[in-house]
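Below is one structure, written out as C-alpha cells; comments come after it.
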Amino acid sequence: MARYVEDDRAGHVHGRHVVAAARAARATASHPPAGGSTMREAMASFVAKLTFREMCVVLREQRGWRQAHDFFSWMKLQLCYEPSVVAYTILLRAYGNASKIELAEEAFLEMLEAGVEPDAVACGTLLCVYARRGRHGDMMLFYAATRRRGVAPPVSAFNFMLSSLQKHRLHGKVIHLWKHMMEMEEANNVVPNHFTYTVVIGSFVKAGLLEEAMDVLGKMRASRLVPEEATYSCLISLSSRHGRGEQVVMLYEEMRAHGIVPSNYTCASLLALYDKSEDYSKALSLFSEMERSRVVIDEVIYGILIRIYGKIGLYDDAQRTFEEIDSAGLLSDEQTYVAMAQVHMNARNYDKALQVLGLMRSRNVKPSKFSYGALLRCHVAREDIAAAEDVFRALCKYGLPDVFCCNDLLRLYVKLGQLEKASAFILKMRKEDIQLDEALCMTVMEVCCKSGMITDADKILKEMNNGGVTMKSSTMVSIIEMYARNRTSVMQEQDSSSKALACRTDSSALNATLKSLLDTPGGSSIACQLIRKLAREGRTCEAKFLHEQLTQLGVKPEDSATSTLIVQYGQEQKLHQAEELFESASTSFPIRGPVYNAMVDALCKCGNIGEAYHLFMKMADQGHSRDVVTISILVTHLTKHGKFQEVENIMHGCFHGEVELDTVAYNTFIKSMLESGLDKHLFLFIRWASKIFRVWVSWLTATALVSKQANYTQLSTYMIA
C-alpha cells in the first residue's frame with residue numbers, strides 16, 4: 001500500500017498529468033467562489049489531454065464538494081465526456097460526504113434526464129446520503145422506488161440504512177428492512193455480513209422479540225460468523241427478562257467457548273437471573289469466575305451480591321460487602337443502599353435498615369420512588385402509622401404510588417384496626433384512579449366488607465372485571481368467601497324489610513366474580529370445593545348462599561357439595577333447612593345417589609327414621625346407588641327403634657340388588673338380627689356372606705354375640721358350619 005501511494009504521487013499509476021490535474025483542481029479551494037470560471041482557468045492547460053476515465057479519477061480525488069461540483073461542470077464541456085453512472089456516482093458521494101442532499105437529488109435527476117440508468121451503487125450512494133442526515137422518510141421512499149425498478153442496493157448501503165434507523169430507535173423499520181434483505185438474499189446475492197447481523201439482532205432485542213432475535217443468531221451461526229460480546233450480552237439480558245434460564249446459560253457457555261470475556265453488564269444479567277431463580281450457588285460460582293477473569297466488578301454487581309447474601313441468611317457477609325463498597329468509594333447508587341436496607345428488614349433489624357436509608361439521605365443521594373417504597377415497608381413493619389403516612393405523602397410527590405405501596409399502607413391500617421383511615425384511603429385511591437392488582441384488590445375487599453362499604457366493593461369489582469384485570473382462582477375464591485361471610489352477617493343483623501336490598505347489593509358483584517371463576521378451567525369444581533369447605537367448618541349459611549348463587553347462574557353444584565351441606569344440616573339438627581335444600585336441588589337439577597344418601601343420613605340424625613326408610617327405598621326403586629355407610633347408619637337407627645322388618649327388607653334389597661357391602665355393614669346386619677331374635681336367618685346370612693364375600697370379621701362378631709347370649713348350642717353349630 002505504501003508503494004502504491006508513492007507511485008500514485010509520482011504519477012506511475014494514472015500518469016503525471018492526471019496527478020497534476022487533480023492538484024490543480026484541488027488548488028481552487030483556496031480561491032474565493034467565482035462560479036465555474038476559476039475551475040476553467042485552472043484546468044485550461046488540461047483541455048483535450050485527459051481521457052474520460054482520467055477525468056473520473058480527477059473527480060474522485062477532489063476533497064471538497066464545491067471543487068467536485070465545479071470540476072464536473074468543466075468535465076461535461078469536454079469533447080470526450082459521455083454521461084456515465086460512474087461519474088454521477090462519484091459526484092453523489094462527494095455531495096453526500098458534505099451532507100448536500102439537495103445537490104445530490106439534483107445530480108440524480110440530471111442523471112436520469114441524461115438517459116443514464118442508475119445501478120445498485122448509485123442508488124445505494126443516494127440512500128446513504130439520506131441515512132447520514134436522518135432523512136428516513138425520503139430514504140424509505142427512494143428505497144421503495146429502487147425496489148420497483150428491480151435494483152437491489154449493495155450490503156454496504158443496507159448496513160448504512162439499518163445503522164441510521166437503529167440510532168434513531170426506529171427498530172420496527174429496521175426489522176422491516178431486514179425482511180426485505182432476506183427476500184433479496186437469494187435472488188440478488190445480497191448477503192448479510194457481521195455488521196448486518198449485529199445491528200438486526202440489536203433491534204430485535206430492543207423491540208423485545210426474543211424468538212426472532214434467536215432466529216437471526218441462528219442464521220449468523222450458519223454463516224460461520226462469531227457474534228460480539230455486546231450481541232451475546234443483549235441476548236442474555238433479554239432471555240433473562242423472559243425467564244429463559246436454560247437459554248441464558250447456553251448463550252453464556254457458547255460465548256465462553258469462543259474465548260470471549262464477558263462484560264460486567266453480562267455478568268450482572270446472569271447474577272440477576274440466578275437471584276430471581278434462587279440458584280444462589282451458581283451466582284456465587286459466577287462471582288468467583290468473574291474475579292478469576294478479572295472482570296471489573298461495579299456497584300450494580302455488588303448490589304446483587306448483597307441481595308443474594310441477604311436471601312441466604314449471610315447477613316454478616318452482606319454487611320461486610322456493603323462496607324467494602326463504601327471504603328472503595330463505589331457506594332453511590334440508591335439501589336445498593338436499598339438492597340442493604342432490605343437485608344436488614346429480612347433479618348427484622350428495622351432500626352438498622354432505617355440507619356442505612358438515613359445514611360443515603362445524609363450523603364445527598366437523590367431518593368426516588370424505589371427508596372421511598374423501601375422506607376415505607378420498614379415503617380409498616382414497625383407499625384409506625386405516623387412515619388408511614390409521612391413517607392407515603394413524600395412518595396406521592398413523584399406521581400401516583402404503585403399498588404405495592406398502597407397495599408402496604410392499607411394492610412397496616414387493617415392490622416391496627418384503623419378502618420376509618422382505611423376507608424378514607426380507599427376512597428382516595430378511587431378518586432386518583434389507581435389501578436388495583438390482585439393483592440390490593442383483596443385488601444380493599446376486606447376493608448369494604450368490614451366497614452360495610454358494600455356499594456364501593458361492588459363498583460370496584462365491576463371495574464376490575466370490565467377492565468379485563470385477570471385474577472387467580474385463589475384470589476377470586478377469597479373474594480367470594482368474604483362476600484358470603486359479609487352477606488350472612490348483614491342478613492343476620494338487618495330486619496326483614498332491608499334483607500332483600502342487602503341481597504341485591506351483594507349479588508351483582510358476587511355474580512360477576514362467580515362468573516369469572518366459572519370461566520376459568522375447573523372453576524365450577526373450585527366453587528364447589530369452597531361450598532364443601534364452608535359446610536365442614538359449620539358455616540352453613542355461607543355455604544347455602546353460594547349454593548343458591550351457583551344454581552341461579554344455571555350451574556349445577558356437584559353432588560358432593562350438596563350432600564356435604566345436607567349432612568352438615570343433619571349434624572346441626574336443622575332438618576327443615578336440609579329438606580329445603582334437598583327439595584330445591586331436586587327441582588333445579590336431576591339428583592343422584594350421593595344426595596339421596598346424604599338426605600337419608602340427615603333424616604336419621606334428626607330422628608325421622610320412618611321418612612329416612614321410605615326415602616331410602618324410593619332411592620333403591622329408582623336405581624340410584626346405595627352407599628354402604630348410609631345403609632349402616634339407617635340399619636342402626638331402625639334397630640334402635642325396633643323396626644326389624646324394615647331392616648330385613650333393606651337386607652334382602654341389598655342382596656338382590658348386588659350391593660357390595662363392607663365389613664361394617666355386615667356386622668350391622670348381624671347385630672340387628674341378633675337383637676331381633678332371628679337366629680336362623682342369622683346363621684344362614686353368616687354362612688352365605690362367608691362363602692360368597694369371605695367376610696371373616698362378620699364370623700368373629702357373630703360368635704362373640706352368640707357367646708354373650710350363652711347360646712352355646714348355636715355357637716357350636718355355627719363353628720362346625
Side-chain angles (χ1 to χ4, degrees), residues 59-60 64-66 68-69 72 84-114 116-209 212-213 216 219-220 231 234:
L59 179 63
R60 187 192 63 194
W65 69 270
R66 191 177 299 277
H69 175 272
F72 187 71
S84 169
V85 69
V86 176
Y88 279 105
T89 301
I90 296 172
L91 185 62
L92 288 172
R93 185 175 291 115
Y95 288 149
N97 292 336
S99 300
K100 298 296 180 179
I101 296 179
E102 290 77 10
L103 292 176
E105 290 174 337
E106 291 175 1
F108 196 88
L109 290 175
E110 180 183 324
M111 176 175 61
L112 294 176
E113 292 172 355
V116 177
E117 184 66 22
D119 60 3
V121 178
C123 293
T125 302
L126 186 56
L127 287 171
C128 292
V129 173
Y130 285 129
R132 187 189 299 273
R133 297 300 299 171
R135 297 271 291 271
H136 299 120
D138 296 333
M139 180 186 76
M140 297 306 294
L141 286 174
F142 183 71
Y143 170 70
T146 60
R147 290 196 70 196
R148 287 194 297 269
R149 298 176 74 95
V151 178
V155 175
S156 57
F158 271 112
N159 288 346
F160 216 112
M161 291 191 290
L162 291 170
S163 177
S164 179
L165 290 170
Q166 189 183 72
K167 287 178 181 177
H168 288 79
R169 301 179 181 178
L170 300 174
H171 304 295
K173 292 186 176 180
V174 172
I175 296 170
H176 179 70
L177 201 58
W178 163 254
K179 292 178 179 178
H180 287 175
M181 284 190 70
M182 292 297 95
E183 295 173 2
M184 297 180 183
E185 183 175 3
E186 296 183 0
N188 299 282
N189 198 28
V190 179
V191 181
N193 55 24
H194 190 281
F195 183 84
T196 313
Y197 285 118
T198 301
V199 173
V200 172
I201 290 175
S203 287
F204 273 120
V205 169
K206 292 293 183 182
L209 302 174
E212 291 79 357
V216 178
K219 294 180 182 294
M220 190 175 186
T231 303
C234 65

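Nothing fancy with the numbering, it's 1 onward along the sequence.
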Flag, side chain of Ser164 to backbone of Met161, donor-acceptor distance under 3.5 Å: no
Gap separating the CZ atom of Arg66 from the NZ atom of Lys100, nearest 0.5 angstrom: 7.5 Å
Smallest separation among heavy atoms of Arg60 and Ile90, with atom names: CA-CG2, 3.6 Å
Plane angle bin for Phe158 and Tyr143 - parallel if under 30°, tilted between 30 and 60°, otherwise perpendicular: perpendicular
Sub-4.5 Å side-chain heavy-atom contact between Met182 and Pro192: yes
Shortest non-hydrogen contact between Ala104 and Val129, atoms and distance: CB-CG1, 4.4 Å
Heavy-atom check, side chain of Asn97 versus side chain of Arg132, under 4.5 Å: yes
Verdict with reasoning, Trp178 to Thr196, per side-chain contact (heavy atoms from CB on, under 4.5 Å): CA-CA 9 Å; Trp178 163 254; Thr196 313; 4.0 Å; yes
Over 12 foreign heavy atoms within 6.0 Å of CZ, Arg133: no
Name of the residue among Leu209, Val205, Val200 meeting side-chain contact (heavy atoms from CB on, under 4.5 Å) with Val216: Val200
Distance in Å, His168 NE2 paired with Ser163 OG, rounded so as to fall on 0.5 Å steps: 10.0 Å
Heavy-atom pair of closest approach, residues Trp65 and Ala94: CB-O, 4.0 Å
Flag side-chain contact, heavy atom, 4.5 Å: Glu106 against Leu109: no
Residue pair Val151 / Cys123: nearest heavy atoms and the distance that separates them: CG1-SG, 4.0 Å
Ala87 versus Phe72, closest heavy-atom pair with distance: CB-CE1, 3.9 Å
Distance (rounded to the nearest 0.5 Å) between Leu162 CG and His176 NE2: 11.5 Å
Inter-residue atom distance Tyr130.OH - Leu127.CG, 0.5 Å rounding: 8.5 Å
Short side-chain donor-acceptor distance under 3.5 Å, Ser156 and Asn159: no
Straight-line distance of Tyr88 OH to Thr125 OG1, nearest 0.5 Å: 14.5 Å
Rounded distance (nearest 0.5 Å) linking atom CE of Met139 with atom CZ of Phe160: 10.5 Å
Flag side-chain contact, heavy atom, 4.5 Å: Lys173 against Leu177: no
Sequence-distant partners of Arg149, side chain to side chain donor-acceptor pair (under 3.5 Å), two or more places apart: Glu117
Minimum heavy-atom distance between Ala120 and Ala152, given as atom pair plus value: CB-O, 3.2 Å
